[in-house]
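Before any comments, here is the structure.
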Amino acid sequence: MKTALITGITGQDGSYLAELLLDKGYEVHGLIRRASTFNTRRIDHIYKDPHGNGDKVNFYLHYGDVTAADTLLDVIYNVKPDEIYHLAAQSHVRVSFDMPEYTGNVTGLGTTRILEAIRKAGMKSRFYQASSSEMFGNAKPKQSETTPFQPRSPYGAAKLYSYWMAHNYREGYGMFCVNGILFNHESPRRGETFVTRKITQALANIRAGKQKHLYLGNLESRRDWGYAPEYVEIMYLMLQQDKPDDYVVGTGEAHKIEELLDAAFGYVDMDWHDYVRIDPRYYRPTEVDYLEADPSKAKKALDWEPKIKFDELVKIMVDADLALLGLETPGQGKKIIEEKFTGWHRWEDQVISMGR
C-alpha cells in the first residue's frame with residue numbers, strides 16, 4: 001500500500017484527489033488547519049471514525065499549516081509518504097492584491113518549507129507542486145511549457161516562486177519534483193467566491209427567490225476552464241512517471257466570462273442580462289486577459305486529454321447548485337458524469353460534499 005500526503009485536502013482539488021487515491025488503494029493523509037468551525041465538508045463523506053465500527057481506516061487527518069516549518073517536518077517524518085501533493089495555497093487571485101504579503105508567505109514560502117522538510121527528513125517522497133496558469137499572465141496564447149512567464153498578480157508571482165523552487169530542489173538535490181501548470185478547473189465543489197461557482201450558485205439562488213442580482217467585474221476575460229476531477233487524475237499520473245517533468249494541463253479552449261453566463265443561464269432558459277450587474281470593486285489592478293492552454297505535451301507523454309469540455313462543465317455545476325437547494329434540474333449534468341466516469345467519481349458525492 002502506497003502512502004500519500006495531501007496539503008490543502010479540504011479544498012476542491014484535495015477532496016477529489018483523496019477520493020481518487022483511496023480508490024486506488026492508497027493510505028491517504030491530509031494536512032488541515034485548526035479552526036473554531038469545521039471546514040471539512042468536502043471530505044466528510046469519505047472520512048471514517050477510527051474508534052468505530054470495524055471498518056478499515058486508511059484516511060487520516062493531521063493538524064498543521066504550511067506556515068509552520070516544524071509541524072510540516074514532524075508530519076512528513078512520521079507519515080513517511082511515498083507521494084506528497086502540495087495543493088495548499090491562498091488561491092484567490094483578486095484577494096492576493098489585498099493580502100500580498102500573506103499570499104507570498106503561504107503560496108510561495110509554504111512550498112519551500114515542504115521541500116526543506118522532505119530534504120531534512122531524508123525522505124524519497126515524490127513531490128507534486130500545484131503550479132498555475134496565472135504564472136503566464138499576459139503571455140500570448142496558447143501557453144505551453146516553453147512560454148515565458150509574465151505573472152500579473154501577487155498570487156501569480158508567488159506561484160512562480162514555488163515553480164522555480166521545485167525546479168531547484170529537483171536539479172540541486174535530485175528530488176523527484178514535478179510542476180503541474182494547471183489552467184482553471186472547476187466543479188460543484190469550487191469555492192463560492194470563484195467566478196464559475198459564484199455564477200452557478202447565484203443562478204440557483206435567483207430561481208429559489210433568495211437573490212435578485214449577481215454582481216461581477218470584467219466579463220471580457222477569457223479562461224480555459226476544465227473539470228477538476230479530471231485534473232487530479234493527471235496529478236497522479238505525473239508522479240507515476242520514470243522521470244520528473246513539468247506539464248501544462250488544460251482543455252485547449254478559452255471562453256469569456258460572458259460566454260459562461262450565456263451557457264449557465266441559457267441552460268435553464270433565463271437571460272443573464274436581467275440579473276447581472278457590474279461592480280468595479282471586482283476589477284483587478286492588473287488584469288490577465290487571455291489564458292488558453294496548449295496541453296499537447298501532457299497528451300503525448302501522459303496519454304491524457306479531458307473528457308469534459310466547457311458546455312458540459314457548466315451543466316454539471318448548474319445542476320449541482322440547483323439540486324443543493326432542492327430545485328428541479330434539467331438533469332444533463334448528472335447524465336454526463338454517469339456516462340463519462342466510472343468507479344471513484346460519482347454524481348451522488350457532488351451535492352453531498354457541497355453541504356448546505
Side-chain angles (χ1 to χ4, degrees), residues 6 8 11-21 23 42-43 45 85 87 91 128 130-134 180-192 194-201 203-204 222-238 247-257 259-264 267 291-295 298-299 302-324 329-354:
I6 304 172
Q12 169 189 254
D13 292 5
S15 66
Y16 285 125
L17 181 60
E19 288 178 344
L20 173 67
L21 295 178
D23 186 67
R42 293 186 180 97
I43 56 174
H45 65 291
Y85 296 87
L87 312 181
S91 59
Y128 172 86
S131 291
S132 169
S133 60
E134 289 288 332
I181 308 173
L182 272 55
F183 281 60
N184 295 62
H185 45 290
E186 319 296 319
S187 76
R189 296 182 192 172
R190 190 54 142 154
E192 291 88 346
F194 291 83
V195 68
T196 47
R197 182 75 195 288
K198 186 175 180 179
I199 289 171
T200 60
Q201 186 180 58
L203 186 157
R222 295 176 184 265
R223 293 294 184 270
D224 185 330
W225 282 297
Y227 187 45
E230 296 193 86
Y231 286 44
V232 302
E233 290 179 337
I234 200 170
M235 295 177 190
Y236 165 78
L237 288 174
M238 290 181 201
Y247 301 91
V248 162
V249 180
T251 68
E253 298 178 1
H255 298 270
K256 292 182 181 180
I257 294 174
E259 294 176 70
L260 179 60
L261 289 166
D262 284 335
Y267 179 48
L291 293 175
E292 183 176 349
D294 175 2
K299 180 179 179 180
L302 304 177
D303 191 26
W304 179 91
E305 58 183 319
K307 306 183 191 82
I308 305 295
K309 294 296 182 74
F310 176 75
D311 287 332
E312 294 175 315
L313 168 65
V314 174
K315 290 173 182 176
I316 290 169
M317 293 184 67
V318 171
D319 273 4
D321 268 310
L322 291 172
L324 185 64
T329 73
Q332 293 184 41
K334 178 180 180 180
K335 185 177 180 182
I336 290 165
I337 289 180
E338 290 175 344
E339 288 179 349
K340 297 197 174 185
F341 287 87
T342 57
W344 74 275
H345 184 55
R346 304 183 310 145
W347 168 260
E348 288 75 12
D349 292 331
Q350 302 311 299
V351 179
I352 292 173
S353 61
M354 291 163 71

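If you read the sequence from its start, that first residue is 1, and numbering goes on from there.
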Check: Y85 side chain, V232 main-chain N or O, donor-acceptor pair, under 3.5 Å: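 It does not hold such a pair.
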Using only atom types and a distance under 3.5 Å, with no angle test, would you say the side chain of D311 pairs donor to acceptor with the backbone of A263?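 No, D311 side chain to A263 backbone: no donor-acceptor pair under 3.5 Å.
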To the closest 0.5 Å, what do you measure between [atom1] ([X]) and [atom2] ([Y])?
X: L182; Y: I234; atom1: CG; atom2: CD1; answer: 7.5 Å
X: Q350; Y: L324; atom1: CD; atom2: CG; answer: 11.5 Å
X: I337; Y: I316; atom1: CD1; atom2: CD1; answer: 4.5 Å
X: E134; Y: S91; atom1: CD; atom2: OG; answer: 11.0 Å
X: I257; Y: D262; atom1: CD1; atom2: CG; answer: 12.5 Å
X: R223; Y: E259; atom1: CZ; atom2: CD; answer: 13.0 Å

Restricting to side-chain hydrogen bond (donor to acceptor under 3.5 Å, both in side chains), what partner residues turn up for K256, sequence neighbours left out?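 Result, side-chain hydrogen bond (donor to acceptor under 3.5 Å, both in side chains) vs K256: E220.
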Taking side-chain hydrogen bond (donor to acceptor under 3.5 Å, both in side chains) as the test, write out the residues that go with Y236, two or more places apart.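 Here no residue qualifies.
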Set of side chain to side chain contact (heavy atoms under 4.5 Å, CB included) partners for [X], sequence neighbours left out:
X: E348; result: K334, E338, R346
X: A228; result: Q12, D13, Y16, H185, S187
X: T196; result: E186, R190, W225, L260, M317
X: P306; result: E230, T251, W304, K309

Is there a side-chain contact between [X] and [Y] in this structure, where contact means two heavy atoms from C-beta onward sitting under 4.5 Å apart?
X: Y128; Y: L17; answer: no
X: P229; Y: W344; answer: yes
X: R197; Y: M354; answer: yes
X: L322; Y: P330; answer: yes
X: D319; Y: I336; answer: no
X: M238; Y: V249; answer: yes
X: F341; Y: I308; answer: yes

What are the two closest non-hydrogen atoms of [X] and [Y], and how far apart are they?
X: A323; Y: V351; result: CB-CG2, 3.9 Å
X: R222; Y: A254; result: CB-CB, 4.3 Å
X: Q201; Y: D321; result: N-OD2, 3.4 Å
X: L203; Y: A264; result: CD1-O, 3.3 Å
X: G252; Y: D224; result: N-OD2, 2.9 Å
X: S353; Y: R189; result: OG-NE, 2.7 Å

Give a yes or no on this: more than 12 heavy atoms of other residues, nucleotides or ligands lie within 6.0 Å of atom NZ of K198.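 For K198, atom NZ is crowded (more than 12 foreign heavy atoms under 6.0 Å).
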Decide if atom NZ of K299 counts as having more than 12 heavy atoms of other residues, nucleotides or ligands within a radius under 6.0 Å.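 No, because the 6.0 Å sphere around NZ of K299 holds 12 heavy atoms or fewer from other groups.
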Should the pair K307 and Y227 be classed as cation-pi, given the thresholds of under 6.0 Å to the six-membered ring centre and 45° from the axis?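 Ring-cation test returns no.
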Kindly determine whether Y267 and V314 satisfy side-chain contact (heavy atoms from CB on, under 4.5 Å), including the steps that lead there. CA-CA 9 Å; Y267 179 48; V314 174; 5.5 Å; no
